[in-house]
Amino acid sequence: MTAIPQERRVVTAIPGPKSVELQARRLAAVAAGVGSTLPVFTARAGGGIIEDVDGNRLIDFGSGIAVTSVGASAEAVVRRASAQLANFTHTCFMVTPYEGYVEVCEQLAELTPGDHAKKSALFNSGAEAVENAVKIARAYTKRTAVVVFNHGYHGRTNLTMGMTAKNMPYKQGFGPFAPEVYRVPVAYGYRWPTGAENAGAEASAQAIDEITKQIGAENVAAIIIEPVLGEGGFIEPAKGFLPAIAQFAKDNGIVFVADEIQSGFCRTGQWFACEDEGIVPDLITTAKGIAGGLPLSAVTGRAEIMDAAHAGGLGGTYGGNPVACAGALGAIETMRELDLNGKAKRIEEVMKDRLAQMQAKLPNGDIIGDIRGRGAMIAIELVKSGTKDPNPEAAGALAKACHAEGVMVLTCGTYGNVLRFLPPLVIGEDLLNEGLDVIEQAFGTL
Ligand SMILES: *Cc1c(COP(=O)(O)O)cnc(C)c1O
């Protein structure tokens, strides 16, 4: 699969001397607003390993934020993208088209939920896909309001910042935001006041009440939700919530959009996370895992909705770049051939089992308030002992301890208290367990 030995190896301090040197250059040349979780500079990556410029090999529990699900140098991605690079790098699909773009759209029609006629449009980033889903929904419904949810994340452009819930670091000082964006409650089971078992019914009733009373259903173009909320803390809306919201959208002529940018493409053990409750979205946005690390995103949906935007109304210079499309076809080929949905489900089994053991057995295991997620999108929510008070300090300290031992983990969550695990789906089970050993040991450093 890859030439990089699939083993953790820490040979210098993390970051090592070469990374420290590069970081100094970076601080002088790169804008401060662009952060890095860990200033370890990458030399190569593949399978479940990131190798840095000092020769350290880190176990990858981040996949570059859920992007390199097939690994960061998957054979089929490299082969197809390299061949495409040699043929041509760009024509602009809006100038002279090429087959790869069409083939990606065909694959999207086949893989996304529902057997209705579907079409797609391709873009470069997740935020761009979300923006275009809003454009398309507005063109189709001739309405303007957009409904999003507490703890939601949709990107960093002006419209998608406005759609994102969390202020710091995403929005602070960057307003004003686009109008006609409304945020309503989501069924966050762990923190729902009357308990997780009531969250689905109560939160959907509240959300629908707010939409009808405060916005007016007849003014709503789109309801946009992540079927598993990513940056907000790997929140799986409690059962019943998504179907109720989808049904409400259907009954009121509202375009229901699943933002599967983080949860899609085998990440949760299904091609798309909304399949879990049998949801068939009108539109679905994808990016991240779609192309094995190359920049590509898509809006896919009902043909009649997708065709509502006039010719020339959608697009962009680079949207659906031919090399990125070749990468996507390679990534999809890999997902099918290696049954990465099956692999994601196995990762869930291993991780949840080990994490539950840590929660039960570690002396400070009770700071693991919640273990959740699906497939290879797993998280622990950290709280102060004996309470549900968020414990972002523990999340930060655990991440730091893991980094020092050569395991790449990320944090997230509205309260910054969630440690999230997004290993490449191709990671070996030995590496997966070794990463979990390191996480377990990290609890001893708190
Ligand atoms: C990452 C993400 C986005 C934004 O994608 P970019 O490629 O960073 O613009 C949008 N929605 C969700 C759910 C995401 O996880």
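Ligands are counted one by one from 1 in listed order, and the atoms in each one are counted from 1 as well.
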Which ligand 1 atoms, with their elements, are less than 4.0 angstrom from a heavy-atom of E226?
-> 13 (C)

Does any N or O in the side chain of Q84 come within less than 3.5 Å of the main-chain N or O of V323, such that one atom is a donor and the other an acceptor?
-> no

Using a 4.0 Å heavy-atom cut-off, say whether S125 meets ligand 1 through its side chain, its backbone, both or neither.
-> both

In plain terms, say whether K118 and E110 are close enough for a salt bridge, that is, a side-chain N and a carboxylate O under 4.0 Å apart.
-> no

Report yes if Q262 has an N/O atom closer than 3.5 Å to an N/O atom of ligand 1; otherwise report no.
-> yes

Among all protein heavy atoms, pick out the one at the shortest distance from atom 11 (N) of ligand 1; state its residue, atom name and that distance to 0.1 Å.
-> D259 OD2, 2.8 Å

among protein heavy atoms, the one nearest atom 7 (O) of ligand 1 is G126 N, 2.7 Å

F265 vs F272 aromatic rings, parallel, tilted or perpendicular, using cut-offs 30° and 60°?
-> perpendicular

Give me the ring orientation class for Y101 and F93: parallel if the planes are under 30° apart, tilted from 30 to 60°, perpendicular past 60°.
-> parallel

Has K388 got its NZ or CZ under 6.0 Å from the middle of the six-membered ring of Y190, at an angle within 45 degrees of the ring axis?
-> yes

For ligand 1, the portion of K288 having any non-hydrogen atom under 4.0 Å away | side chain

Is a side-chain N or O of K135 found less than 3.5 angstrom from the main chain of G313, in a donor-acceptor match?
-> yes

Out of A127, A258, A66, who gets a non-hydrogen atom closest to atom 9 (O) of ligand 1?
-> A127

